[in-house]
Amino acid sequence: MKGNERKRTFMLITIPVLILFFTFNTLPLIKGFIYSFTNFKGYGSYEWVGLRNYIDLFQDARVGKSYLFTFKFAIVATIIVNVISLILALGLNSKIRAKSALRGIYFIPNVLGGLVVGYIFSFIFTYILPTIGENLGFLKSSMLASTKSAWFAIVIVAAWQAIAMNTIIYISGLQTVPEDVYEAGAIDGATGWSKFKNLTFPLIIPFFTINMVLCMKNFLKVFDQIMSLTKGGPAQSTESISYLIYRNGMDGGQFGFQSANAFVFFIVIVAISLFQMKFLG
């Protein structure tokens, strides 16, 4: 009897969460999927257009360019973040002084909002770095003003903020490795790179998988940094899929078309995440 009451209590606890999840996640997804078959502009009446939005989606050069930029940005940022995070985690997990304080300092970027960080770096890229570069004779204009360098400026900002969380996850993984493993490895002569390659990395693969999946997913959805740094410019060279959906869907009268774009993008993110988990697993 007590067991049934306990199960009933747990069920009652989960019901509010399920209602909130359905209301703010599942329901908008369903409504967006329905709107993707219409010519809805975001206001007023609309008509059903069938699969026309999806057909036009694969013929739109702007959408294709946005996908290319998004994938390029996500792949480069994921690699940079995981390499730097793992190096930092190895250093912060070693026997050094004030490592707890250093962990707190490195985590500060993750506490700040994405838009706040973006606007701060926008000021740095626009005014501070060009002034310093002009005096040194190697950089006379803002990185954000060039179609060749603007995307990498966004990578720098996104990576600077994402490294914090990844580092914490890697530290958690490193702390699960038993000391006995290192002692046995030392007897066999494992040191330096050999120790990391054959002992440490294989044992933290689950944490590496988590970081890779989360990084790729979050970077594919990049929006805050685009909004605060470039607004898709210059010449739409840094227009991500999320920003394109927001810009044209909310302000451009393409709500139905961008709903189709959003649904396809949702499928792409899920497929990539499942592939990563299966491949890395």
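Along the sequence shown, residues are numbered consecutively beginning with 1.
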Just how far is it from atom OG1 of T176 to atom CD1 of I171, taken to the nearest 0.5 Å? 12.5 Å

Is it true that L203 and L90 fall in one hydrophobic cluster, defined by side-chain heavy atoms closer than 4.5 Å? yes

M227 side, atom CE; Y119 side, atom OH - distance, nearest 0.5 Å: 5.5 Å

Apply side-chain contact (heavy atoms from CB on, under 4.5 Å) to the pair I204 and L174, showing each step before the final yes or no. CA-CA 7 Å; I204 64 169; L174 291 171; 4.2 Å; yes

Using 0.5 Å steps for rounding, measure from the CZ atom of F21 to the CG atom of L27. 12.0 Å

Please answer whether the main-chain N or O of P234 pairs with a side-chain N or O of S237 as donor and acceptor at a distance below 3.5 Å. yes

Do other residues, nucleotides or ligands put more than 12 heavy atoms under 6.0 Å from K197 NZ? no

Would a hydrophobic clustering, with Ile, Leu, Val, Met, Phe, Trp and Tyr connected at side-chain separations under 4.5 Å, put F123 with M143? yes

Please list every donor-acceptor pair under 3.5 Å in which a side-chain atom of residues 155-169 meets a protein atom from a residue at least two apart or in another chain.
| unit_1 | atom_1 | unit_2 | atom_2 | d |
| --- | --- | --- | --- | --- |
| Q161 | NE2 | P109 | O | 3.3 |
| Q161 | NE2 | L112 | O | 2.6 |
| T167 | OG1 | I163 | O | 2.7 |

To the nearest 0.5 angstrom, please state how far the CD1 atom of I269 sits from the CD1 atom of I241. 9.5 Å

Going only through I, L, V, M, F, W and Y residues with side-chain contacts under 4.5 Å, is there a path from V63 to F69? no

For residues 212-233, which residue pairs qualify under salt bridge (charged side-chain N to carboxylate O under 4.0 Å, His left out), counting only residues two or more places apart or in two chains? none

Provide the closest heavy-atom pair for A74 versus T78 in the form atom of the first, atom of the second, distance. O-OG1, 2.6 Å

With side chains defined as the heavy atoms from C-beta onward, is the minimum distance between F10 and R6 less than 4.5 Å? yes

Could I get the full list of ring pair (Phe, Tyr, Trp, His ring centres under 6.0 Å) partners for F58, not counting sequence neighbours? none

Nearest non-hydrogen partners of T126 and P130, listed with the distance: O-CG, 3.4 Å

Would you say that Y243 contacts T238 through its side chain, given a criterion of any heavy-atom pair below 4.5 Å between the two side chains? no

Let me have the donor-acceptor pairs involving side chains of residues 41-49, under 3.5 Å, with sequence neighbours excluded, atom names and distances please.
none

Look only at the side chain of N93 and the backbone of A89, and say whether a donor-acceptor pair between them is shorter than 3.5 Å. no

Within residues 53-63 or reaching into it, pairs that qualify as side-chain hydrogen bond (donor to acceptor under 3.5 Å, both in side chains) - sequence neighbours excluded: S36-Y54, R62-E239

Could you tell me if the side chain of F208 sits less than 4.5 Å from the side chain of V213, heavy atoms only? no

When you measure from the side chain of S240 to the backbone N and O of T70, does any donor-acceptor pair fall under 3.5 Å? no

Is there a path of hydrophobic side-chain contacts, each under 4.5 Å between heavy atoms, that joins I272 and V270? yes

Is the OH atom of Y127 crowded by more than 12 outside heavy atoms at less than 6.0 Å? no

Would you say the side-chain atoms of T14 pair up with the backbone N or O of M11, donor to acceptor, closer than 3.5 Å? yes

Quick check: are there more than 12 heavy atoms from other residues, nucleotides or ligands sitting under 6.0 Å from CZ of F196? yes

Could you state whether I124 and L115 fall into the same hydrophobic cluster, counting links through intermediate Ile, Leu, Val, Met, Phe, Trp or Tyr residues with side-chain heavy atoms under 4.5 angstrom apart? yes

Output side-chain donor-acceptor pairs under 3.5 Å for residues 251-268, partner residues at least two apart or in another chain, one line each.
| unit_1 | atom_1 | unit_2 | atom_2 | d |
| --- | --- | --- | --- | --- |
| Q254 | OE1 | N248 | ND2 | 3.4 |
| Q254 | OE1 | Q258 | NE2 | 3.1 |
| Q258 | OE1 | N261 | ND2 | 3.1 |
| S259 | OG | F255 | O | 2.7 |
| N261 | OD1 | Y67 | OH | 3.4 |

Measure the spacing between CE of M277 and OG1 of T209 and express it to the nearest 0.5 Å. 8.0 Å

Y246/I226 under side-chain contact (heavy atoms from CB on, under 4.5 Å): CA gap, chis, key distance, verdict: CA-CA 12 Å; Y246 163 77; I226 305 291; over 6 Å; no

Within the 3.5 Å criterion, strictly below it, is a donor on N82 or Y170 matched to an acceptor on the partner's side chain? yes

Donor-acceptor check, side chain of S142 to backbone of F125, threshold 3.5 angstrom: yes or no? yes

Quickly, which of F152, F223, W151, F219 forms a ring-ring contact (aromatic ring centres under 6.0 Å, His included) with F73? Name it, please. F219

Testing the basics here: between L144 and A153, what is the closest heavy-atom pair and its distance to 0.1 Å? CD2-CB, 3.7 Å

Value for OG1 (T200) from CG (L86), rounded to nearest 0.5 Å, stands at 9.0 Å

